[in-house]
2 protein chains.
Amino acid sequence: MDERCSTHEHRSCQLGWAAMSMGKVDRVRAKAAKRARRRPLSKQAMVDVALRIVDTEGTEAVSMRRVAAEFDTGPASLYAHVRDKDELLRLVLDRVIDEMEVPTADAWQDVVRGFAHNVRSAYQRHADVARLSFAHIPTGEKVLAGSERLLRAMIEAGVPDRVAAWALDILSLYVGADAFEGWIMQQRFSHDARGRPVAEVDADFVASVQHDMGAMPADRYPYLARALPVMTSGTSDERFSFGVDMLIAGFAAQIPEQP
Amino acid sequence: MDERCSTHEHRSCQLGWAAMSMGKVDRVRAKAAKRARRRPLSKQAMVDVALRIVDTEGTEAVSMRRVAAEFDTGPASLYAHVRDKDELLRLVLDRVIDEMEVPTADAWQDVVRGFAHNVRSAYQRHADVARLSFAHIPTGEKVLAGSERLLRAMIEAGVPDRVAAWALDILSLYVGADAFEGWIMQQRFSHDARGRPVAEVDADFVASVQHDMGAMPADRYPYLARALPVMTSGTSDERFSFGVDMLIAGFAAQIPEQP
DNA sequence: ACCTGAACACCGTTCAAGT
DNA sequence: ACCTGAACACCGTTCAAGT
């Protein structure tokens, strides 16, 4: 009551008589004015706010209270639009998934490879949103159309139905895991220098791992010592591309010989 | 103070005179007795408790307050042994990683395949502990020895150093992601029936996905419609094995031709 | 060095009550 | 149907104070 009187909307606070009833009327008016001024609550608007928080601070920074605060209301108000926090975060993920494109290419390998890179890029544009991708089966119209194109590219090239179907699952899992892991790494090595180029972060990581394993007895672990320099070589992009290529090679090996 | 008087250890509560000083002495004695009775705090003991919570309720159920409560103390006491909750959970993961064995086999493919399955089994024995595996680089003695054996098996078979080194990374990422996803799925489909066989849970999942995608227009998405029955076929174990085999095939294709 | 109580600044969700 | 204030039952971490 007291702090409300500090706002200029409560003229009744200056009046001595009939303060009770006038206060009530004014409070109602102020409430209505406030409600009119602010953005109305809706799934769409809530996802907008949540995604902005994800982009700047990561998925763990999203809280019902914080999202609600951006609408000048309490957390309870959100529950008229989503069942719980999990549903809100799933909607955020679906929004990001809508950014992913299946490229057009002649060779099925290029379609699959391009898709994998586009998925990773979309995740990378939105912090650790890939964390939400595990066990999430998107069913949007765009996802169906994209899956259709991917399956067609593979099946027409002779990839068995079962291999093509499972390939999508495995690729999605791998890309999501890579993007999530990449974000954690990025966070870990940006404790002091923010916004540095990825190559530099990679270099720091290399140095740190080599330090951790440097005390390793080379005579007891000859192969590990031999693999160490190459283990920490290459950027995260190169390692990701390599992983995708390994999977594609595996799928390709499942194409039966032409008679 | 009042509720302390309800315990039989505080005889001074019945005494009128010198209650202050006697109460103090008794309180000290009770405290010492309590401390002697309960398990002493230590990293080891804390990991024991945390791992038991993980096993029964999952990693999200672990809280500093709950772990502390098992030692009859407050959460602040834990911070003398670990930097933060993250370190405690990393120690839990390291404990689980110590359960993983690298099998002995002649063919490098069998060593790698067996390793992948052992890693998954260890994760599966401990709820969603695989969630903690992302961006975690274990450096224990046993991990080094295991990595040595894996690298030797691959490199001696002609797998290039770089491929062998990256293969470990990619496999670990894939297995961790699969185990984590598998746990979420399991949770999702055990809302009413707990402890059911995995095959049954898989069957439920199949039915649900087929329902979700059932309304899909078959004429607009012919390849999707064609792949649908096979997409939801097979158990999660079969799909995992398939993914591992795809990677192994990819690595194998990197072995240069013998001259 | 190890431990503690109390406090700080948060959480997700529910529920009766309002419009 | 949508919204709200207040409450419930929690969080991780810090800090001065104790031993």
Side-chain angles (χ1 to χ4, degrees), chain A residues 1-4 23-46 49-50 53-54 57-92 132, chain B residues 1-4 7 10 23-46 49-50 53-54 57-92 132:
Chain A
M1 187 70 177
D2 284 300
E3 69 274 308
R4 301 225 167 177
K24 198 173 183 183
V25 167
D26 273 15
R27 239 181 288 129
V28 169
R29 257 190 217 136
K31 219 178 199 171
K34 208 175 183 182
R35 197 175 305 169
R37 206 182 316 122
R38 73 195 184 193
R39 238 175 329 179
L41 265 173
S42 76
K43 252 185 204 184
Q44 269 267 359
M46 281 163 58
V49 167
I53 297 172
V54 167
E57 294 172 62
T59 55
E60 311 263 55
V62 175
S63 80
M64 299 301 266
R65 302 177 111 94
R66 217 176 132 177
V67 171
E70 299 245 20
F71 293 95
D72 293 309
T73 185
S77 304
L78 307 187
Y79 289 83
H81 299 89
V82 293
R83 179 199 292 276
D84 53 20
K85 190 188 171 185
D86 257 27
E87 187 185 327
L88 177 57
L89 287 176
R90 267 203 310 276
L91 291 169
V92 169
L132 310 168
Chain B
M1 188 70 178
D2 284 300
E3 69 274 309
R4 300 225 168 179
T7 78
H10 289 265
K24 198 172 182 181
V25 167
D26 274 13
R27 239 181 289 129
V28 169
R29 258 190 217 136
K31 218 179 201 171
K34 208 174 184 184
R35 197 176 305 172
R37 207 180 317 123
R38 74 195 184 194
R39 239 174 327 177
L41 265 174
S42 75
K43 252 186 206 184
Q44 269 267 359
M46 280 163 58
V49 167
I53 297 172
V54 167
E57 294 172 62
T59 56
E60 312 263 55
V62 175
S63 80
M64 299 300 266
R65 301 177 111 95
R66 219 178 129 176
V67 171
E70 298 244 20
F71 292 95
D72 293 309
T73 185
S77 303
L78 307 186
Y79 289 83
H81 298 91
V82 293
R83 179 198 291 276
D84 52 20
K85 190 188 170 185
D86 257 27
E87 188 184 328
L88 177 57
L89 287 176
R90 268 203 310 277
L91 292 170
V92 169
L132 310 168

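Labels below follow one simple rule: chain letters A, B, ... track the order of the sequence lines, proteins then strands, and each chain is numbered from 1. Quick note: numbers below take in every heavy atom, side chains included, and nothing from hydrogens, waters or symmetry partners. Note that the coordinates shown come from a computational prediction; the quantities given were computed from them, not determined experimentally.
Ion pair B:Glu57/B:Arg66 flagged as a salt bridge, since at least one NZ, NE, NH1 or NH2 atom sits closer than 4.0 Å to an Asp/Glu carboxylate oxygen. The existence of a salt bridge linking B:Glu70 and B:Arg65 is excluded, since no basic side-chain nitrogen approaches an acidic carboxylate oxygen closer than 4.0 Å.
Here the side chain of A:Lys43 pairs no donor or acceptor atom with the backbone of A:Leu91 at under 3.5 angstrom. Side-chain atoms of B:Asp86 never come within 3.5 Å of backbone atoms of B:Leu89 as a donor-acceptor pair (strictly under, hydrogens ignored).
In DNA chain D, runs of at least 3 consecutive Watson-Crick or G-U pairs, each pair with both distances below 3.5 Å, span C:4-8 with D:12-16, C:12-16 with D:4-8.
Distance A:Asp72 CG to D:dC3 P: 14 Å, rounded to the nearest Å. Rounded to whole Å, atom P of D:dC2 lies 11 Å from atom NZ of A:Lys43. Across the protein-nucleic acid pair, A:Leu41 atom CG and C:dT19 atom P stand 18 Å apart, rounded to whole Å.
With rounding to the nearest 0.5 angstrom, the OG1 atom of A:Thr59 is 11.5 Å from the CD1 atom of A:Ile53. Distance CZ/A:Arg90 to CG/A:Asp84: 7.0 Å, rounded to 0.5 Å. Interatomic distance, CE of B:Met64 versus OH of B:Tyr79, reported as 4.0 Å (0.5 Å rounding).
Comparing C:dA9 with D:dC10, their P atoms are spaced 22 Å from each other, to the whole Å.
For A:Glu60, there are no side chain to side chain donor-acceptor pair (under 3.5 Å) partners at least two apart in sequence or on another chain.
The side chain of A:Ser77 places an N or O atom within less than 4.0 Å of a non-bridging phosphate oxygen (OP1 or OP2) of D:dT4. At least one side-chain nitrogen or oxygen of B:His81 sits closer than 4.0 Å to the OP1 or OP2 atom of C:dC3.
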Output a table of nitrogen or oxygen pairs between the protein and nucleotides 11-15 of chain C separated by less than 3.5 Å.
| residue | atom | partner | partner atom | Å |
| --- | --- | --- | --- | --- |
| C:dC11 | OP1 | A:Ser63 | OG | 3.1 |
| C:dG12 | OP1 | A:Met64 | N | 3.4 |
| C:dG12 | OP1 | A:Lys85 | NZ | 3.2 |
| C:dG12 | OP2 | A:Met64 | N | 3.0 |
| C:dG12 | N7 | A:Arg65 | NH1 | 2.4 |
| C:dG12 | O6 | A:Arg65 | NH1 | 2.9 |
| C:dT13 | OP2 | A:Tyr79 | OH | 2.7 |
| C:dT13 | OP2 | A:Lys85 | N | 3.0 |
| C:dT13 | O5' | A:Tyr79 | OH | 3.3 |

